[in-house]
Colleague: 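Provided herewith is a single structure, encoded as structure tokens, for subsequent inquiry.
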Amino acid sequence: MRRLLLAAPFAVLAAPAHAATGEAVNPWVALAYLVSGVFFILALRGLSSPATSRTGNRFGMIGMLIAVATTLIVHRPTQTAGCDDVSGPADLSFCYETAIDWASSLEILIAIAIGAVIGITIARRIAMTAMPELVAAFHSLVGLAAVLVGWAAYLNPGAFGLLVDGGIGAVSKVEMGLGIAIGAITFSGSVIAFAKLSGRMSGSPILLPARHVINLGTLAAIIVLTALFAMAGPTETMPLIVALTVLAFLIGFLLIIPIGGADMPVVVSMLNSYSGWAAAAMGFTLGNTAMIITGALVGSSGAILSYIMCRAMNRSFISVIAGGFGADDSGAGGGEAKEQRPYKQGSAADAAFMLEQAEKVIIIPGYGMAVAQAQHALREMADLLEEKGVEVKYAIHPVAGRMPGHMNVLLAEASVPYENVFELEDINSEFAQADVAFIIGANDVVNPAAKTDKSSPIYGMPVFDVDKAKQVFFIKRSMGGVGYAGVDNDVFYMDQTMMLLSDAKKMVEEIVKALD
Amino acid sequence: MDFISILSIFVLACFVGYYVVWSVTPALHTPLMAVTNAISSVIIVGALIAAAAASVPAAKWLGLLGIVLASVNIFGGFAVTARMLAMYKKKEKK
């Protein structure tokens, strides 16, 4: 060993790093993973403002490079010939004196290259409006990778330094079981979320009878199986881990199918969190600091985002997870009798005329804007108005769109300066001074029933005070559809409201023409 | 490393995560999700270890597949985050 330490340029990293077995840990390796973890913290820290975010993203890349390079050097594939240091048949990674196995190294590099090509192609081509389903798809990959790593560690514990007296230690088995279970839930849950977000599956909740009993039972079974797996002898573990994996995949599906489209921002955040906990569990198994730090960061990030989303809908996390929201077509509270209430309908020319006269316009975008891809036309409209001396601001509700920050990305894509984009609590007091509230593709987030109607399913949700604006324009496809919560909106029928019934993009383009 | 040291790192990292994530501006929540996605693929470390050990072929192939999946996420996640962040602009000075 000492010979090699002096010989190779990367030799400081070459000593075995079998952390979990309590063998001598090479301090340089541990340090490299720690540095990588610190870079990941800096990556998230950079996102505190758009100005520092790009540097942050680069820190993230550096952290990943350090982690991957360290692993490639320490755990490079070796040939077994001439190995005199084998402590078990499945323990060949101890043989550092042997030559590098170039064929295996090539396979690894090819695997990375395939992933890189696919990843970069998708990242370049994806439309910004499709970001929620892309994130869901990416989550599923992390989950599946966690399952694969967990299984690989189970099948070849020697390579991971997990062998204790010829078997895997009980603690390692618990960590492994948890990692596989969380990874599998992340995978199958994300696949359903992806299918719902991309329209491959109906967004409405699918409610199985007795689903709470089934879900809790499955969850309990997973916990029992993990315990049995940890206590079982080396020969009897296989059926347990197979059952554990299958049940975990199953509960991922079961957990997400009853959750409706409107709750997807919470689901996507929650799965984000799970993917982090899966990485952390694997980090425990491998005794790897980079994985543990990252897992904790990502886990808390997703949990905080879920909390922010729930708070913005005034719903508890439990009620979201229990599912079924928006399943009722009859609509809560108001009763069946849907009398036709009078509303005013306007044209693009009317809207353009009044927008020109305004001093201050606040635009409230929602998911409808994303569907219609109206963000570029909207920006054009805002530019024309600003040229005419109108002050234009954008107001974003935390749950607008299908994932946290969805609207902000779309506006950024349309080159809306981020200083003009405001959060709910920062702008809500300004509606009293606004001449026009311009609602495009949003509905529930401006519904005053959230403030007044205790029987409404969205009661208590913080909403924009558009009723305080002198004039309200409401772009909507038709009077028929109501928001995801399935409730009527009093804003349609207010005196100062003008309904602009059309496709959002078409309507805004017509307003732009009329303004010119 | 013993279990308690690992647990200490984990618990402290959770607190770091808590404070760092609360300081992220809501306008960047979508890039936050994309980049957390990319960094949680550090799980590739486990896949690399599995793929490098040829002694158990099944584990090796699982490892290689894991490398592909995690690489999609790493490259895709960082690239799409960079693409999004490049769009956030300040007001042009006229």
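Heavy atoms only: backbone and side chains are in, while hydrogens, waters and symmetry mates are out. Letters go in sequence order (proteins before strands), and every chain restarts at 1.
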Colleague: Tell me if the OH atom of Y18(B) is crowded by more than 12 foreign heavy atoms within 6.0 Å.
Modeller: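 12 or below, so no.
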
Colleague: Could you tell me which of G276(A), G37(A), P50(A) has the largest number of non-hydrogen atom pairs under 4.5 Å with chain B?
Modeller: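 Most pairs with chain B among the choices: P50(A).
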
Colleague: Side chain, backbone, both or neither: which part of V35(B) has a non-hydrogen atom closer than 4.5 Å to chain A?
Modeller: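 Contact with chain A: side chain only.
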
Colleague: Go through the atoms of R124(A) and report whether side chain, backbone, both or neither lie under 4.5 Å from a heavy atom of chain B.
Modeller: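 Answer is backbone: N, CA, C or O of R124(A) sit under 4.5 Å from chain B.
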
Colleague: Return yes if some donor-acceptor pair links the side-chain N/O of R45(A) with the main-chain N/O of V20(B) below 3.5 Å, else return no.
Modeller: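 Not a single qualifying donor-acceptor pair exists.
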
Colleague: Which atoms of I396(A) are under 4.5 Å from chain B, going by heavy atoms: the side chain, the backbone, both sets, or neither?
Modeller: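 Neither part; nothing is under 4.5 Å.
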
Colleague: Pick one of side chain, backbone, both or neither for L12(B), based on which atoms fall under 4.5 Å of a heavy atom in chain A.
Modeller: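 Neither part; nothing is under 4.5 Å.
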
Colleague: Take the angle between the ring planes of F10(B) and W277(A) and call it parallel below 30°, perpendicular above 60°, tilted in between.
Modeller: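 Rings of F10(B) and W277(A): perpendicular, as their planes differ by over 60°.
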
Colleague: So which part of I43(B) gets closer than 4.5 Å to some heavy atom of chain A, the side chain, the backbone, both or neither?
Modeller: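 Both parts, heavy atoms under 4.5 Å.
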
Colleague: Against V16(B), only a single residue in I41(A), I293(A), L44(A) fulfils side chain to side chain contact (heavy atoms under 4.5 Å, CB included); can you say which?
Modeller: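 One option only clears the test, and that one is I41(A).
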
Colleague: Check whether S49(A) gets within reach of chain B through its side chain, its backbone, both or neither, counting any heavy atom under 4.5 Å.
Modeller: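 When you check distances to chain B, only backbone atoms of S49(A) fall under 4.5 Å.
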
Colleague: Grab the two heavy atoms, one from M291(A) and one from V42(B), that are nearest each other, plus how far apart they are.
Modeller: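 M291(A) and V42(B) have their closest heavy atoms at CG-CG1, 3.7 Å.
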
Colleague: Nearest 0.5 angstrom please: N272(A) CG to T36(B) OG1, how far?
Modeller: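 Going from CG on N272(A) over to OG1 on T36(B), the span is 3.5 Å.
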
Colleague: Which heavy atom of I67(B) sits nearest to which heavy atom of A111(A), and what is that distance?
Modeller: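 The pair with the smallest heavy-atom distance is CG2-CB, 3.7 Å.
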
Colleague: Taking all heavy atoms of H139(A) and all of M33(B), pick out the closest pair and write down the distance.
Modeller: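 Between these two residues, the closest heavy atoms are CE1-CE, 4.3 Å.
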
Colleague: Kindly give the heavy-atom pair with the smallest separation between A296(A) and A13(B), and that separation in Å.
Modeller: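 Smallest heavy-atom distance, with atoms named: CB-CB, 3.5 Å.
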
Colleague: Given heavy-atom pairs under 4.5 angstrom as the criterion, report whether the side chain, backbone, both or neither of I74(B) touches chain A.
Modeller: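 Just its side chain gets close to chain A.
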
Colleague: At a heavy-atom separation under 4.5 Å, does S269(A) approach chain B through its side chain, its backbone, both, or neither?
Modeller: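 Contact with chain B involves both backbone and side-chain atoms of S269(A).
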
